[in-house]
Amino acid sequence: MPELPEVETVRIQLEDDLIGQVIRGSTLQWSRTLEGSSKIDFDQSILDQKITALRRRGKYLIIQLQTEHIVIHLRMTGRLYICDSAKGLDRWVRWSLHLDRKYLCFSDARKFGRIYVSSDLAELEKKLGPEPLTLSPVQWIELFHGQRAGLKSFLLNQKKLAGVGNIYADETLFEAKVHPLTLACDLEPSQARSLGATLQRQLTRAIAHEGSTISWYRKPDGSQGETQKHFQVYGKSDQPCPCCQMPLEKIKVAQRSTVYCPSCQRRV
DNA sequence: CGTGGGACCTGAACGC
DNA sequence: TGCGTTCAGGTCCCAC
């Protein structure tokens with residue numbers, strides 16, 4: 001499931017192919033993929049514009065044009081790749097962007113992914129908390145201060161912190177030895193700093209390993225990420241804890257399955 | 001402010 | 001073989 005490291009990997013791989021390209025049009029195969037405007041208005045606002053940058057904010061990928069931005073969210077099964085044809089290379093292509101002699105294809109089996117155009121990113125910013133990789137130790141303490149949500153819910157809340165999803169939330173809480181239902185405000189300052197540092201380590205390592213391929217995620221070149229080989233708890237319920245050998249437990253938190261070690265991650 | 005449930009979706013895995 | 005069920009989960013929206 002694309003989270004921050006997966007989206008960052010996609011950004012890095014597509015950057016060189018996209019920057020400097022000029023938009024010649026688009027094809028929309030599943031209308032709900034495009035939100036916020038009609039296909040005609042969408043095309044009109046991006047036509048003939050040059051791509052000046054490829055950016056990421058949380059789990060969003062942002063194709064920066066001269067006066068507009070194309071904002072893309074992959075949700076669960078979205079993939080992006082460069083291809084010679086607007087039809088793409090698989091049966092789940094929902095949208096493609098026409099460039100000079102190549103196409104950026106958006107494939108999305110589950111049809112949850114969304115794309116929209118926006119001249120300023122203020123609306124997006126309103127929905128998103130800070131980038132986890134830029135927070136300082138003091139900022140981590142401030143982030144958790146006074147927050148009465150359970151930590152698993154808090155980490156998944158994009159408005160509080162941008163880019164973390166189910167995989168890296170569970171892996172981080174395990175490595176930090178914190179119970180997923182611990183209230184954020186109950187962390188001691190030293191624990192808050194340490195949890196932040198652990199999350200940053202997890203995300204940085206996952207980017208270095210080019211993301212986690214659980215089922216659908218692929219890099220733009222079609223290959224899989226490597227991070228899943230290093231999972232300690234995600235998807236491993238009932239297996240022995242890598243630390244104490246007690247069986248890992250699965251519970252539902254905020255509608256998501258959550259795997260943790262009841263012995264190593266004691267509740268405060 | 002916080003949580004819980006449903007909706008959006010379809011493929012994979014599993015039970016019978 | 002094939003049908004039916006369950007699970008996966010990011011975000012939005014509504015109810016409490």
Side-chain angles (χ1 to χ4, degrees), chain A residues 1-10 28-36 56-62 71-80 88 90-95 106-116 118 121 123-129 131-132 142-173 179-187 203 206 211-218 224-225 227-228 231 233-238 248-260:
Chain A
M1 320 302 139
E3 304 181 24
L4 186 155
E6 289 73 34
V7 178
E8 181 64 15
T9 301
V10 170
L28 188 63
Q29 289 94 332
W30 178 256
S31 64
R32 295 192 63 167
T33 297
L34 180 63
E35 69 180 2
R56 179 193 58 74
R57 179 74 171 92
K59 301 173 193 171
Y60 291 84
L61 195 69
I62 300 163
V71 181
I72 301 174
H73 199 302
L74 304 174
R75 295 282 177 94
M76 265 93 79
T77 56
R79 296 174 181 172
L80 286 167
D90 62 72
R91 48 190 271 243
W92 304 291
V93 174
R94 311 302 180 194
W95 173 81
F106 178 71
S107 163
D108 183 22
R110 295 278 290 280
K111 298 177 175 172
F112 278 10
R114 292 293 179 264
I115 295 170
Y116 67 91
S118 166
L121 300 174
E123 285 300 309
L124 182 61
E125 283 303 320
K126 267 196 278 185
K127 296 192 292 191
L128 297 176
E131 284 291 317
E142 290 166 356
L143 185 72
F144 296 122
H145 182 79
Q147 299 291 326
R148 279 169 302 171
L151 273 169
K152 174 69 186 271
S153 303
F154 184 88
L155 293 176
L156 293 179
N157 186 340
Q158 302 301 298
K159 206 162 184 172
K160 302 292 185 186
L161 186 67
V164 179
N166 213 29
I167 293 172
Y168 300 105
D170 278 9
E171 291 295 319
T172 296
L173 290 170
H179 192 287
L181 296 177
T182 302
L183 300 187
C185 58
D186 285 344
L187 290 177
L203 296 175
S212 303
T213 296
I214 301 304
S215 53
W216 287 91
Y217 166 72
R218 294 292 184 280
Q224 304 193 1
T227 316
Q228 67 281 0
F231 288 170
V233 292
Y234 180 84
K236 294 183 185 287
S237 58
D238 301 327
L248 297 173
E249 211 164 272
K250 176 151 85 171
I251 56 173
K252 281 274 181 199
V253 180
Q255 315 281 92
R256 319 277 169 70
S257 55
T258 298
V259 182
Y260 74 107

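The basis for the numbers below is simple: all heavy atoms, side chains too, and nothing from hydrogens, waters or symmetry mates. Here the structure is a predicted model, which means the values were calculated and not measured. So that the names make sense, note that chain A is the first sequence line, chain B the second, and so on, each numbered from 1.
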* Asked: Closest nucleotide of DNA chain B for A/Arg91 versus for A/Asn157: which of these residues is on the 5' side?
  -> A/Asn157
Listed pairs, N/O of protein and of nucleotides 6-8 of chain C, under 3.5 Å:
{"from": "C/dA8", "atom 1": "OP1", "to": "A/Lys250", "atom 2": "NZ", "distance (Å)": "2.9"}
{"from": "C/dA8", "atom 1": "OP2", "to": "A/Lys252", "atom 2": "NZ", "distance (Å)": "3.4"}
{"from": "C/dA8", "atom 1": "N1", "to": "A/Arg110", "atom 2": "NH2", "distance (Å)": "3.4"}
{"from": "C/dA8", "atom 1": "N3", "to": "A/Arg110", "atom 2": "NH1", "distance (Å)": "3.1"}

* Counting distance only, does the side-chain N/O of A/Glu6 pair as donor-acceptor with the main-chain N or O of A/Tyr217 below 3.5 Å? -> no
* A/Tyr260 side chain near A/Val253 side chain, heavy-atom distance below 4.5 Å -> no
* To do: Using atom types as modelled and distance alone, determine if a side-chain donor or acceptor of A/Arg94 lies under 3.5 Å from a backbone N or O of A/Asp108.
  => yes
* Asked: Does A/Gln228 use its side chain to pair, donor to acceptor, with the backbone of A/Thr213 at less than 3.5 Å?
  -> yes
* 5' priority, DNA chain B, between A/Trp216 and A/Arg148 [closest heavy atom] -> A/Arg148
* To do: For residues A/Asp170 and A/Phe231, determine if any side-chain heavy atom of one lies less than 4.5 Å from a side-chain heavy atom of the other.
  => no
* Asked: Does A/Thr258 use its side chain to pair, donor to acceptor, with the backbone of A/Arg256 at less than 3.5 Å?
  -> yes
* How is A/Lys159 classified with respect to the nucleic acid when contacts are heavy atoms under 4.0 Å: base, sugar-phosphate, or nothing? -> nothing
* **Between C1' of C/dG10 and CG of A/Leu4, the distance in whole Å** => 14 Å
* Check every nucleotide of DNA chain B for an atom under 4.0 Å from a heavy-atom of chain A, then give the first and the last such nucleotide from 5' to 3'. => B/dG2 to B/dG11
* Asked: What pairs with A/Lys59 under salt bridge (Lys or Arg N to Asp or Glu O under 4.0 Å), at least two apart in sequence or on another chain?
  -> none
* Indicate yes or no: at least one non-hydrogen side-chain atom of A/Arg32 is less than 4.5 angstrom from one of A/Lys111. => no
* Which parts of nucleotides 11-16 of chain C does protein reach within less than 4.0 Å, heavy atoms only, written one letter per nucleotide 5' to 3' as B for base, S for sugar-phosphate only and - for none? -> BS----
* Asked: According to the interplanar angle, ranging from 0 to 90°, do the rings of A/Trp216 and A/Trp92 count as parallel (below 30°), tilted (30 to 60°) or perpendicular (above 60°)?
  -> perpendicular
* For A/Arg56, what residues pass the side-chain hydrogen bond (donor to acceptor under 3.5 Å, both in side chains) criterion, not counting sequence neighbours? -> A/Glu8, A/Glu131
* Asked: Which part of the nucleic acid, if any, lies within reach of A/Gln147 when heavy atoms closer than 4.0 Å are counted: base, sugar-phosphate only, or nothing?
  -> sugar-phosphate
* To do: Scan for side-chain hydrogen bond (donor to acceptor under 3.5 Å, both in side chains) pairs involving residues 155-164 of chain A, sequence neighbours excluded, and state none if there are none.
  => A/Gln147-A/Lys160
